[in-house]
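Notes to accompany the following structure.
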Amino acid sequence: SSFALQSLYLHCLLHWFALYLPCVLCCFTYLSFYMTYLYSCTLYFIISALCIGVGSFSDPNDLPGLAHFLEHMVFMGSEKYPSENGFDAFLKKHGGSDNASTDCERTIFQFDVQRKRFKEALDRWAQFFICPLMIEDAIDREVEAVDSEYQLAKPSDSHRKEMLFGSLAKPNHPMSKFCWGNAQTLKTEPKEKNINVYKRLREFWKRYYSAHYMTLAVQSKESLDTLEEWVREIFSQVPNNGKPKPDFSDQLSPFETPAFNKLYRMVPVRKVHALTITWALPPQEKHYRVKPLHYIAWLIGHEGTGSILSMLRRKCWALALFGGNSETGFDQNTTYSIFSISITLTDEGFQNFYEVAHLVFQYLKMLQTLGPQQRIYEEIQKIEANEFHYQEQTDPIEYVEDICENMQLFPKEDFLTGDQLMFEFKPEVISVALKLLTPEKANLLLLSPEHEGQCPLREKWFGTQYSVEDIQQHWRELWAGDFDLNPSLHLPAENKFIATDFTLKTSDCPDTEYPVRIMNNDRGCLWYKKDNKFKIPKAYVRFHLISPVIQKSPKNLVLFDLFVNILVHNLAEPAYEADVAQLEYKLVAGEHGLVIKVKGFNHKLPLLFNLIVDYLADFSAAPDVFSMFAEQLKKTYFNILIKPEKLGKDVRLLILEHSRWSTIQKYQAVLDGLSVDELMEFVSSFKSELYAEGLVQGNFTSTESMGFLQYVTDKLQFKKLSVEVPVLFRVVELPQKHHLCKVKSLNKGDANSEVTVYYQSGPKNLREHTLMELLVMHMEEPCFDFLRTKETLGYHVYPTCRNTSGVLGFSVTVETQATKFNTELVETKIEEFLVSFGEKMNSLSDEAFKTQVTALVKLKGCEDTHLGEEVDRNWTEVVTQQFVFDRLSREIDALKLMTKAELVNWFMGHRGEGNRKLSVHVQEEEEGSKMSLYGEVSKLTFLPASTLLASVTTITDIQAFTSTLNLYPYHKILK
């Protein structure tokens with residue numbers, strides 16, 4: 001049986017079809033198929049995703065993490081295609097990629113590849129569900145990859161919160177399981193208990209990877225008949241064991257325990273104060289047509305006048321508030337639905353967290369008293385229907401993944417819309433959910449560094465320090481009674497930013513393929529392109545306000561960050577209605593200027609843009625708001641520096657880019673203290689002298705677009721720049737020998753380390769940049785196979801093409817754990833890989849070279865799937881002042897003329913004598929040395945290299961090292 005859907009989702013008047021085929025393909029298989037026929041980048045590329053209705057809830061009690069481990073193992077070869085890394089190698093060769101993820105009750109696999117290789121790729125991929133090899137000697141190696149993934153997750157406060165919360169579930173509920181898996185649960189303990197992990201993996205695959213649990217989504221430009229034929233032919237071999245699907249729906253109310261309605265204090269990894277109030281409700285998935293939690297979350301998370309956050313901001317108690325249900329398996333499954341409200345608190349808010357919770361409960365009581373409001377429901381409905389009707393195509397991979405998961409959740413008529421639209425207002429359904437959101441059913445979780453030393457308990461798997469206590473009697477008694485409502489809290493007024501005019505405008509100038517400059521004077525310029533491709537009533541407006549004062553000192557950079565943060569704070573309430581009406585805005589403290597981005601329905605977009613410029617022109621900072629953000633900035637810089645990958649980048653760029661100020665220097669500047677007067681003096685200086693560079697694309701005429709630059713110059717009244725401001729840095733020329741900079745991680749007790757080996761090429765042109773991209777593309781799969789699959793050095797291993805202010809280079813990075821490998825050993829393994837890769841390059845066949853060139857040409861020739869992609873690419877040219885809008889077509893031309901000898905010589909040239917090589921190691925802090933969880937991050941600690949790298953020159957003073965080096969001239973890649 002089959003049926004066809006024609007979707008309202010369509011834009012550009014393009015045909016879009018879907019075919020749903022729940023059918024008995026043969027006596028072995030019952031599988032749900034879904035295929036889309038869509039005009040997009042899939043002219044060259046196809047995407048497929050498969051969802052299995054099983055996840056970590058089905059883990060056996062004696063093997064925690066087995067579902068996640070199996071998701072890794074099935075990729076390691078099949079009976080038909082036995083090569084362990086064969087599928088990845090095939091995809092990389094043809095410009096594709098793959099991924100998988102395990103949730104509580106679902107596991108999703110996906111891949112994309114060149115269209116002409118689709119059938120073969122689909123067959124290779126399907127074998128993982130038909131006859132995976134899962135060879136025994138790969139088990140120990142892949143356990144290390146799972147363990148590295150777990151180690152990388154350990155420093156994440158969100159994962160720590162989830163694990164702590166899961167531990168509050170009833171003991172036999174699957175939520176209390178350790179879903180990640182690690183070396184302890186999948187290797188050490190099974191050996192001690194004589195558990196045969198290989199045998200159990202096969203049993204788990206046989207029991208749960210069954211066709212009738214699976215849904216499949218395929219997106220391609222092939223005809224539907226062809227797609228159906230291929231899918232039937234290939235997937236008919238997927239076994240069907242006919243057994244009932246795992247069902248946990250009888251295990252309701254997992255958090256109805258005495259331990260739940262308490263106050264939990266937790267010590268976070270980052271420096272942050274946060275209060276999370278959580279309720280565990282009956283499963284809400286069946287109410288997807290009403291979406292009661294979405295309605296409640298929309299009101300709770302509102303930031304306009306009368307909202308919770310508006311009041312908290314006025315008291316300087318909170319910086320942000322998020323409410324609702326994330327719809328991940330942790331938040332929503334067949335046993336419960338979470339409703340949580342997370343509030344990022346200031347220092348003062350932390351001291352008054354009970355008052356903060358009381359305000360939340362007062363707002364909820366107001367909602368319960370007033371009951372569900374049809375006006376508000378219909379406003380949300382209208383906003384979301386507008387967005388759905390005129391939506392741009394999302395990331396194709398994400399879209400196909402969503403569809404195959406929706407097929408597990410909704411009836412066929414709602415596959416496309418079930419997770420997006422609000423279909424019907426049923427006040428009784430909303431009221432039932434609302435009535436459950438009471439103080440006596442809530443769990444309070446309070447995060448703060450202040451809790452250090454006061455939390456004697458440890459969560460088993462992530463080692464999170466926490467404590468538990470009864471809610472204070474005063475508040476418990478108050479909340480149990482009929483407490484008063486706060487008169488300042490009220491429902492939001494009608495939204496004036498909702499678009500009603502969706503007319504596509506007629507061009508008032510000739511159409512162009514690329515943006516053209518339509519205004520140009522000594523105070524700014526404007527680039528413009530009318531959209532006649534995607535034909536949607538939306539637009540993108542972006543401005544870069546370039547200033548000479550930002551990069552003068554670390555103190556100025558901090559004042560600039562403060563300025564932008566307070567400006568965003570000042571705008572939060574007046575601009576929030578625009579935000580919920582799908583008009584998005586973002587203010588970014590760029591390295592050389594303030595970036596203003598707005599996008600959405602063009603009808604009301606000028607209102608939002610002008611509002612932002614008005615607040616910029618009339619900037620003010622109240623003393624309490626200034627203090628709040630100055631304190632917050634210390635935490636922000638600290639939280640950046642404790643991440644090994646961020647610290648590694650900071651160190652690398654501090655060495656390479658002349659006159660760059662590091663995050664550590666910014667942290668030192670904010671610790672030294674700042675005043676409101678200094679901020680206002682900086683802002684005055686910033687606004688006095690600017691160059692405004694803008695880009696407008698979408699559904700605006702050129703005349704309307706000019707109004708944006710005109711408004712900026714009229715309102716801000718700035719002078720022209722007295723000196724030209726470069727929008728890039730000068731880069732040092734590295735010496736022709738190997739240098740190593742090894743620093744101590746600033747996150748105490750974090751086992752994660754990072755090694756990056758960087759080779760500098762120098763200022764090159766567009767051809768060499770394309771050559772470097774081709775090299776890295778050749779390198780990706782062998783790098784993964786050597787460093788992760790075989791050497792098991794870490795979960796994240798990757799080569800990267802580096803463009804540092806126009807100076808080219810490439811690098812190889814490994815994120816590892818110091819508990820397993822020291823960084824010098826990892827570096828020697830990277831060197832071994834590069835030697836083996838050099839041998840591989842020397843024996844590269846003409847066919848393999850041409851295949852990779854074709855793959856990169858097709859990637860670059862891929863049509864934009866939505867207007868935002870085109871705008872992002874054009875904006876990069878504007879913000880870097882390169883203006884090579886046809887860069888992709890030039891790179892394609894260069895690729896077509898490239899030879900194999902050029903590529904091989906290019907790589908060997910970087911590896912020969914006189915190469916410019918820089919290694920950056922971030923090594924974990926030794927746990928034994930810690931007095932506090934929170935280390936000192938205001939200075940770098942340089943470490944000596946071990947004897948493994950005895951011949952390498954170490955850098956122990958970056959300024960002394962770089963001061964002796966030559967500087968390359970400013971360089972842009974223009975031709």
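Just so it is clear, the model here is predicted, and its values are computed rather than measured. Residue numbers count from 1 along this sequence.
At a threshold of 4.0 Å, the pair Arg265-Glu469 counts as salt-bridged, since one of the basic side-chain nitrogens sits closer than that to a carboxylate oxygen. Ion pairing between Arg270 and Asp157 holds under the 4.0 Å rule for side-chain N and carboxylate O. Salt-bridge annotation for Arg289 and Asp414: present, with a side-chain N of the basic residue lying under 4.0 Å from a carboxylate O of the acidic one. At a threshold of 4.0 Å, the pair Asp147-Lys187 does not count as salt-bridged, since none of the basic side-chain nitrogens sits closer than that to a carboxylate oxygen. Between Arg788 and Glu142 there is a salt bridge, with a side-chain nitrogen of the basic residue lying less than 4.0 Å from a carboxylate oxygen of the acidic one. Between Lys262 and Asp470 there is a salt bridge, with a side-chain nitrogen of the basic residue lying less than 4.0 Å from a carboxylate oxygen of the acidic one. Of the charged side-chain nitrogens involved, none lies within less than 4.0 Å of a carboxylate oxygen, so that Glu136 and Lys199 do not count as a salt-bridged pair.
The closest side-chain donor-acceptor pair between Ser337 and Gln332 falls under 3.5 angstrom. Checking Thr215 against Gln408 by side-chain atom types alone, a donor-acceptor pair falls below 3.5 Å. No side-chain donor from either of Asn261 and Glu440 sits under 3.5 Å from a side-chain acceptor of the other. Defined by atom type and a distance below 3.5 Å, a donor-acceptor pair is present between the side-chain atoms of Lys161 and Thr276. Side-chain polar atoms of Ser249 and Asp247 form a donor-acceptor pair below 3.5 angstrom. At a cut-off of 3.5 Å, with distance as the only test, no side-chain donor of Gln817 or Gln151 sits close to an acceptor on the other residue. Looking only at atom types and distance, the side chain of Glu754 has no donor-acceptor partner in the side chain of Thr813 under 3.5 Å away. Between the side chains of Glu71 and Thr102, at least one donor-acceptor pair of N or O atoms lies under 3.5 Å. Using modelled atom types and a 3.5 Å distance limit, the side chains of Ser753 and Thr816 yield no donor-acceptor pair. A donor atom on one side chain and an acceptor atom on the other are not found under 3.5 Å apart for Asn443 and Thr278.
Annotation for Gln454: atom CD counts as buried by contact number, over 12 foreign heavy atoms lying within 6.0 Å. At most 12 non-hydrogen atoms from other residues, nucleotides or ligands lie less than 6.0 angstrom from NZ of Lys206. Within 6.0 Å of atom NZ in Lys646, 12 or fewer heavy atoms from other residues, nucleotides or ligands are found, so the atom counts as exposed in its surroundings. Atom CZ of Phe322 has 12 or fewer heavy atoms from other residues, nucleotides or ligands within 6.0 Å. Within a 6.0 Å sphere centred on NZ of Lys80, other residues, nucleotides and ligands contribute more than 12 heavy atoms. The number of heavy atoms from other shown groups lying within 6.0 Å of NZ (Lys286) does not exceed 12. Other residues, nucleotides and ligands place more than 12 heavy atoms under 6.0 Å from the NZ atom of Lys271.
Aromatic ring pairs are classed by plane angle as parallel below 30°, tilted from 30° to 60° and perpendicular above 60°; the pair Trp279 and Phe339 is tilted. Under the 30°/60° scheme for interplanar angles, the aromatic rings of Phe87 and Phe128 are found to stand perpendicular. Using a 30° and 60° split on the angle between ring planes, Phe410 and Tyr288 fall in the tilted class, from 30° to 60°. Between Phe255 and His173, the two ring planes are tilted [angle within 30° to 60°].
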Run Glu84 and Ile135 through side chain to side chain contact (heavy atoms under 4.5 Å, CB included) and show every step you take. CA-CA 9 Å; Glu84 193 173 281; Ile135 49 176; 3.6 Å; yes
Passes side chain to side chain contact (heavy atoms under 4.5 Å, CB included), Arg106 versus Ile52? Steps please. CA-CA 6 Å; Arg106 287 181 288 282; Ile52 307 175; over 6 Å; no
Walk me through whether Phe350 and Leu446 qualify under side chain to side chain contact (heavy atoms under 4.5 Å, CB included). CA-CA 8 Å; Phe350 168 67; Leu446 185 65; 3.6 Å; yes
Could you give me the CA-CA distance, side-chain angles and deciding distance for Leu445 and Leu164, then say whether side chain to side chain contact (heavy atoms under 4.5 Å, CB included) is met? CA-CA 10 Å; Leu445 176 63; Leu164 177 56; 4.1 Å; yes
Give the intermediate values and the outcome of side-chain hydrogen bond (donor to acceptor under 3.5 Å, both in side chains) for residues Asn333 and Thr335. CA-CA 6 Å; Asn333 52 62; Thr335 74; 2.7 Å; yes
Using the rule given for side-chain hydrogen bond (donor to acceptor under 3.5 Å, both in side chains), can you reason through His72 versus Glu149, listing the C-alpha separation, both sets of side-chain angles and the distance that settles it, and then say yes or no? CA-CA 11 Å; His72 278 244; Glu149 193 176 352; 3.0 Å; yes
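In this structure, Arg160 forms no cation-pi arrangement with Phe462, as its terminal cationic atom is not both closer than 6.0 Å to the ring centre and no more than 45° off the ring axis.
Between Glu144 atom CD and Leu186 atom CG the span is 10.5 Å, to the nearest 0.5 Å.
Here the shortest heavy-atom pairing between Gly463 and Arg458 reads O-CD, 3.6 Å.
Put simply, the side chain of Trp461 does not reach to within 4.5 Å of the side chain of Trp180, judged on heavy atoms. Side chains of Asn182 and Val146 form no contact here, defined as non-hydrogen atoms less than 4.5 Å apart.
Aromatic rings of Phe204 and Tyr209 (six-membered ring for Trp) have centroids beyond the 6.0 Å cut-off, not under it.
Test Thr185, Asp62, Leu63 against Pro190 for side-chain contact (heavy atoms from CB on, under 4.5 Å) and you get one pass: Leu63.
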